[in-house]
Amino acid sequence: MAKQNRRFPEYLTLTRPGLTAHAELATAEGPHRPYRPSMSIVSEHARIPNAIIANDSTAAETAIKDNLDGSLRRYRAMMRNA
């Protein structure tokens with residue numbers, strides 16, 4: 001879809017600051033704690049809109065695949081350690 005929409009890179013440029021969630025996390029033990037994202041995950045996510053904005057469909061596809069592979073690795077590791 002993004003490849004056919006010539007306005008999508010402009011949209012991403014305008015919305016990019018809000019693409020990463022910023023929230024406080026509730027804890028069972030007490031007050032909320034600030035959200036501190038993993039910088040490696042933030043960087044992994046940032047590659048996707050950056051590639052789309054650059055109109056580089058190959059880099060966008062690679063970034064999405066890398067993100068999905070990384071998510072799967074992290075999820076599996078989390079389940080092994082649960």
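We use all heavy atoms of the structure for the numbers below, so side chains are in, but hydrogens, waters and symmetry mates are not. Keep in mind that this is a model prediction, so the values were computed, not measured.
Heavy atoms from other residues, nucleotides or ligands lying under 6.0 Å from CE of Met79 number 12 at most.
Every residue two or more places apart in sequence or in another chain that forms a side-chain contact (heavy atoms from CB on, under 4.5 Å) with Arg47 is listed here: Thr62, Ala63, Asp66. Annotation: side-chain contact (heavy atoms from CB on, under 4.5 Å) contacts of Ser40 (sequence neighbours excluded): Ser38.
Taken to the nearest 0.5 Å, the OG atom of Ser71 stands 7.5 Å off from the CD1 atom of Ile41.
In terms of heavy-atom proximity, Ala60 sits nearest to Ala51 at N-CB, 3.3 Å.
Under the 4.5 Å side-chain heavy-atom criterion for ILVMFWY residues, a single connected hydrophobic cluster contains both Leu68 and Ile48.
Residue pairs meeting the salt bridge (Lys or Arg N to Asp or Glu O under 4.0 Å) criterion with at least one partner in residues 72-82, sequence neighbours excluded, are Glu44-Arg74.
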